Amino acid sequence: MASELERQLRRLRDDVGAGVSASGKVASILFHPKEAERMGMERIYDIGLNGLVELEQTKEPRLRNFRDSLFSQASSRTERALLSDPENRELDESITNVLRLIAPYMLQKPAQKIFEYLIRRFEIHIRNIDSIFATIMPYHDTNLFGRVVGCLVFSNTSMWGFLRKLQKFCSKNATRGGKMNRQTLANQCVKEPELLNFVCERVREACANSPNGGIGCRLYASFQIAIVSHILDSTNGGDDERIVRIVMSHVIRGVRSNNPIPYQNASRALLLRLVSKGLSEEHARRSIVEIASNADKTSVSDAAMCVVAIASSVSSASSIEQTMDSVSKMPEIASRLGLAADRFDISKLLNSLVPYLASKSCEDENMFETLKSLIQEARLSAGLETQLSSLVTRVVEHVVNSSAVRERKKRKLLKTQRKRIETLIRDLNEMFPEQIERSVCKFIDDDDAVTKLIRDTLSKDVSERHIFRVVKLMNRDAVTLRDAIQESSDIETRLAALRNVASLVKENGAAVMPSYISKGVAEILSSDKTQYERLQIATCRDIDSKMLSSLVGDRVVQEFAIRTLSSASSRLLLANENVNDVQLARVALSLLPQPKTTWKEDDSDKALVS
């Protein structure tokens with residue numbers, strides 16, 4: 001008992017003058033120190049209770065919970081020095097909760113009345129410094145901030161020592177107060193990471209205690225964006241990694257779906273600022289996983305944009321690939337990426353996401369549906385269609401080589417696997433016919449259940465003009481007809497490809513020929529370069545006029561015939577008879593609409609010579 005009495009007496013000695021500010025005057029934010037000194041505790045209690053009732057009835061009904069505790073008649077006579085440590089801790093918790101509730105309204109008189117009572121009765125300006133700063137941080141650029149700082153008692157070595165100069169100024173101007181420049185606070189956070197951590201943690205707590213993302217959450221979220229943006233702008237050199245690590249830890253927690261919406265949005269905004277400064281691969285990976293894992297239907301649009309932005313900033317594809325399991329499970333991710341693709345380059349994300357979905361589609365229903373939705377979304381989004389078209393080959397490769405399918409190579413596919421593969425190939429074929437042709441040709445020689453299924457699926461749709469043949473030319477590797485006709489610079493290679501076209505047309509008719517074959521032949525017919533003469537002759541000789549017209553159209557054929565006949569005739573008139581020119585002219589005449597008179601084989605030659 002004696003030791004407890006000694007402890008309380010020691011506290012009383014330490015607390016002599018506890019009701020005064022650092023300047024030795026009575027601490028007050030409402031009154032001049034001389035006026036505050038004349039006010040008894042009963043008057044201060046009435047002021048505090050009046051503020052509590054007014055704020056409770058107009059703004060914050062949760063304050064009612066403190067009428068019977070902090071604002072009771074018994075509490076108005078409490079001496080903190082006589083309380084035990086557990087009692088003081090309980091009191092501190094109640095004070096902190098009240099300060100959180102009044103924080104959004106600190107510029108209003110009722111909240112300031114409550115604050116005045118807490119200073120005079122419970123000495124919060126000495127015992128609850130951190131809670132006070134958490135309350136007034138968003139008001140650092142108002143005179144209220146200076147009035148409060150002028151009341152506080154803290155040492156020069158504390159986290160708040162940098163405010164000593166402002167405190168001295170405000171002590172001389174107690175009723176007017178003073179402001180703190182935002183850049184000053186930002187610079188101090190860079191110097192003292194402990195302060196930055198304090199700011200971010202208090203913002204999180206304030207938002208967590210603001211129901212439904214109310215005014216308090218919006219206030220602190222806006223403050224966080226402003227101050228952290230200044231901090232990021234102020235960092236350089238060695239400060240960067242240390243500051244980014246602290247901010248990133250809070251941002252990652254902030255994007256979680258169980259947080260109020262304003263706090264989530266503020267965290268995403270800061271994340272984009274961090275992205276603009278450049279993230280390490282580890283930070284980028286963790287950020288994508290955290291954002292994707294916590295996205296729900298209400299926040300998925302913003303979450304998707306953040307994921308796109310982070311993925312675009314990372315140079316290593318492997319870091320992005322490690323996050324695809326989380327990204328693929330985001331709700332409505334296909335439609336969100338469709339919207340994003342029309343405004344941004346999402347190719348880096350697609351380069352990892354699409355192959356991942358394709359490799360899992362045959363074994364996972366959700367992955368299959370997501371990939372299917374992504375392909376179908378390309379119908380509505382020109383940006384997505386463009387960026388997705390380059391990945392068709394990889395989709396086919398991953399479907400063919402997926403682990404689930406590989407286990408059943410040379411065997412009968414499961415019914416669900418067959419259905420999913422058929423659906424994906426048909427959808428791809430409808431959206432990207434030329435790309436699917438090139439992709440399937442890579443597996444044309446394979447003799448397994450998957451490639452057979454793909455070929456059978458595509459061959460059923462004749463209207464899409466697809467045929468899958470490979471031409472082996474001059475001991476080269478297999479190349480598609482498209483490559484041979486449109487891309488080869490070697491005349492013999494093109495000739496061989498065109499002869500193959502002729503045989504295909506004879507076997508199957510022009511209707512089943514791919515559209516790019518027609519374009520390739522039309523390109524040859526339209527060329528007026530001399531090196532294409534042999535090509536033109538071969539084309540016309542090996543494919544009769546009816547076949548040629550069905551392949552490229554009457555107009556292209558007739559224009560070719562007239563141009564060829566004109567150039568060949570001109571050369572024949574100016575020079576000796578040239579076998580190639582005679583052959584060109586003969587072929588050209590055969591392609592023009594024929595008169596009813598029947599010509600003999602050498603009639604056209606005689607007409608030309610004459």
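As the structure is a prediction and not an experimental result, all values here were calculated from the model. By convention here, the first residue in the shown sequence is residue 1.
Using a distance-only test at 3.5 Å, with no hydrogens or angles considered, no donor-acceptor pair links the side chain of S381 to the main chain of E377. The backbone N or O of N366 lies less than 3.5 Å from a partner atom in the side chain of T370, making a donor-acceptor pair. Under the 3.5 Å distance criterion, the side-chain polar atoms of S158 are left unmatched by any main-chain donor or acceptor of F154. Distance alone, capped at 3.5 Å, is enough to place a donor-acceptor pair between the R120 side chain and the A36 backbone. A distance-only check finds a donor-acceptor pair linking the side chain of E116 to the backbone of L30 [under 3.5 Å]. Distance alone, capped at 3.5 Å, places no donor-acceptor pair between the E192 side chain and the E194 backbone. Within the 3.5 Å criterion, the main-chain N or O of V314 finds a donor-acceptor partner in the side chain of K348. A donor-acceptor pair under 3.5 Å is absent between the side-chain atoms of N197 and the main chain of P193, judged by distance alone. Looking at H230, its side chain does come within 3.5 Å of a backbone N or O of A226 through a donor-acceptor pair. Side chain of R273 to backbone of I225: no donor-acceptor contact under 3.5 angstrom is found.
Residues S352 and A317 approach most closely at OG-O, 4.1 Å, considering heavy atoms. Closest non-hydrogen pair, C189 versus I231, comes out as CB-CD1, 3.5 Å. Contact detail for R242 and V190: the closest heavy-atom pair is NH2-O, 3.0 Å. Nearest heavy atom pair, residue Q167 against residue V149, reads NE2-O, 3.0 Å. When all heavy atoms of S328 and I333 are compared, the closest pair comes out as O-CG2, 4.2 Å. For the residue pair A295 and P331, the shortest heavy atom distance occurs at O-CD, 3.7 Å.
T423 is listed as a side-chain neighbour of F368, based on a closest heavy-atom distance under 4.5 Å. Annotation: side chain of S72 is not in contact with side chain of R67 (no heavy-atom distance under 4.5 Å). Here the side chains of F198 and M137 are in contact, with some heavy-atom distance below 4.5 Å. Contact check for P138 versus Y220: side-chain heavy atoms found under the 4.5 Å cut-off. K109 has its side chain within reach of Q112: a pair of non-hydrogen atoms, C-beta onward, lies under 4.5 Å apart. At a threshold of 4.5 Å between non-hydrogen side-chain atoms, the residues W160 and L152 do not count as touching. Residues E321 and Y356 are not in side-chain contact: their nearest non-hydrogen atoms beyond the backbone lie 4.5 Å or more apart. Inter-residue side-chain proximity for L374 and L350 is flagged as met; some heavy-atom pair is nearer than 4.5 Å.
Taking CD of Q224 as the start and NE2 of H250 as the end, the distance is 8.5 Å to the nearest 0.5 Å. With rounding to the nearest 0.5 Å, the separation of OH in Y117 from CD1 in I119 is 13.0 Å. To the nearest 0.5 Å, atoms CD (Q387) and CG (L337) are separated by 9.5 Å. The structure places OG of S361 at 8.5 Å from CE of M367, a figure rounded to the nearest 0.5 Å. From T142, atom OG1 reaches atom CZ of R147 across 8.0 Å, with rounding to the nearest 0.5 Å. With rounding to the nearest 0.5 angstrom, the CE atom of M180 is 7.0 Å from the OG1 atom of T184.
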Could you walk me through whether R420 and L371 pass the side chain to side chain contact (heavy atoms under 4.5 Å, CB included) check? CA-CA 11 Å; R420 289 174 188 172; L371 180 56; over 6 Å; no

Checking N50 against K113 for the side chain to side chain donor-acceptor pair (under 3.5 Å) test, could you report, in this order, the C-alpha distance in whole Å, the side-chain angles of both residues, the deciding distance, and whether it holds? CA-CA 8 Å; N50 175 268; K113 290 179 179 180; 2.8 Å; yes

From CA spacing to verdict: side chain to side chain contact (heavy atoms under 4.5 Å, CB included), S84, E87: CA-CA 5 Å; S84 64; E87 289 173 328; 3.2 Å; yes

Output, in order, the C-alpha distance, side-chain angles, deciding distance and verdict of side chain to side chain contact (heavy atoms under 4.5 Å, CB included) for F162 and N187. CA-CA 11 Å; F162 73 101; N187 292 341; over 6 Å; no

Begin with the C-alpha distance, continue with both residues' side-chain angles, and end with the deciding distance and a verdict on side chain to side chain contact (heavy atoms under 4.5 Å, CB included) for V148 and H125. CA-CA 8 Å; V148 174; H125 62 300; over 6 Å; no

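In summary, R89 and D85 do not engage in a salt bridge, as defined by a charged side-chain N under 4.0 Å from a carboxylate O. Salt-bridge annotation for R202 and D130: absent, with no side-chain N of the basic residue lying under 4.0 Å from a carboxylate O of the acidic one. By the 4.0 Å N-to-carboxylate-O rule, E282 lies too far from R245 to be salt-bridged with it. Salt bridge status for E201 with R204: present, with a side-chain N to carboxylate O gap under 4.0 Å.
Side chain to side chain, T323 and R285 fail the donor-acceptor criterion of an N or O pair below 3.5 Å.
Summarising the local packing, CG of D342 is surrounded by more than 12 heavy atoms from other residues, nucleotides or ligands at distances under 6.0 Å.
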Side-chain polar contacts of residues 37-45 - donor-acceptor pairs under 3.5 angstrom, sequence neighbours left out - could you list them?
unit_1, atom_1, unit_2, atom_2, d
Y45, OH, F71, O, 2.8

Show the atom names and distances, to 0.1 Å, of all donor-acceptor pairs under 3.5 Å that link a side chain in residues 94-104 to residues at least two apart or in another chain.
unit_1, atom_1, unit_2, atom_2, d
S94, OG, E90, O, 3.4
T96, OG1, D92, O, 2.9
T96, OG1, S131, OG, 3.0
N97, ND2, E93, O, 3.2
R100, NH2, E205, OE1, 3.0

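By the side-chain hydrogen bond (donor to acceptor under 3.5 Å, both in side chains) test, T416 is found to be paired with no residue, residues two or more places apart in sequence or in another chain being considered.
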